[in-house]
Amino acid sequence: MSFATPVIDGGDSTGDLWMNRCDRAPDAVRPAPFLTAAERTEWTRERARWTALGDGPTWTAREAARVAREHPATPGMAAVLAAAVRATRNNGCPRGASVHAASRAAFQALHGLYPRSPEAAATRYWY
């Protein structure tokens, strides 16, 4: 079952709206033509802010690694890190994509902070 629609994902053939979009051109999304000049400027500013965060899996892995380092005693943090690593796998992105660095950061936090956890044992690689 696919939830993809040409209106939402620009005709992307993966059928998964939450997957990383490494091959999508930065200018593939444009502001609506009926916006005023001021609204287009604001749209461009907001888009740049959202784009800087990265896609969902990348942001989640990056944030999970950061929070784990700041609060290592938080219960369930090993499971969060393992889930973040899983979410960033099979992304189809080139080697230099930010998703790989985020995945590796979550993996290193998992194995560095919780090396004997069941989640670390089950997460043997980051890619």
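- Listed by first and then second residue, the side chain to side chain donor-acceptor pair (under 3.5 Å) pairs involving residues 65-84 are Glu63-Arg66, Arg66-Glu70 (not counting sequence neighbours).
- A donor-acceptor pair under 3.5 Å is absent between the side-chain atoms of Arg47 and the main chain of Pro31, judged by distance alone.
- The main-chain N or O of Val99 is never found under 3.5 Å from a side-chain atom of Arg62 such that the two would form a donor-acceptor pair.
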Only pairs under 3.5 Å count here: list side-chain donor-acceptor contacts from residues 106-121, not counting sequence neighbours, and write none if there are none.
| from | atom 1 | to | atom 2 | distance (Å) |
| --- | --- | --- | --- | --- |
| His111 | NE2 | Ala120 | O | 3.4 |
| His111 | NE2 | Thr123 | O | 2.6 |
| Tyr114 | OH | Pro72 | O | 2.8 |
| Ser117 | OG | Tyr114 | O | 2.9 |
| Ser117 | OG | Ala120 | N | 3.1 |

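- Residues Arg86 and Pro57 form no side-chain contact, since every pair of their non-hydrogen atoms from C-beta on lies 4.5 Å or further apart.
- Applying the side chain to side chain donor-acceptor pair (under 3.5 Å) test to pairs two or more places apart or on separate chains, those with a residue in residues 94-106 are Thr88-Ser103.
- Counting heavy atoms from C-beta on, the side chains of Val80 and Met77 come closer than 4.5 Å.
- Taking the salt bridge (charged side-chain N to carboxylate O under 4.0 Å, His left out) definition, one finds that Arg45 meets it with Glu42, sequence neighbours left out.
- Shown here are the salt bridge (charged side-chain N to carboxylate O under 4.0 Å, His left out) partners of Arg49, two or more places apart in sequence or in another chain: Glu46.
- With sequence neighbours left out, the side chain to side chain contact (heavy atoms under 4.5 Å, CB included) criterion links Phe34 to Ala32.
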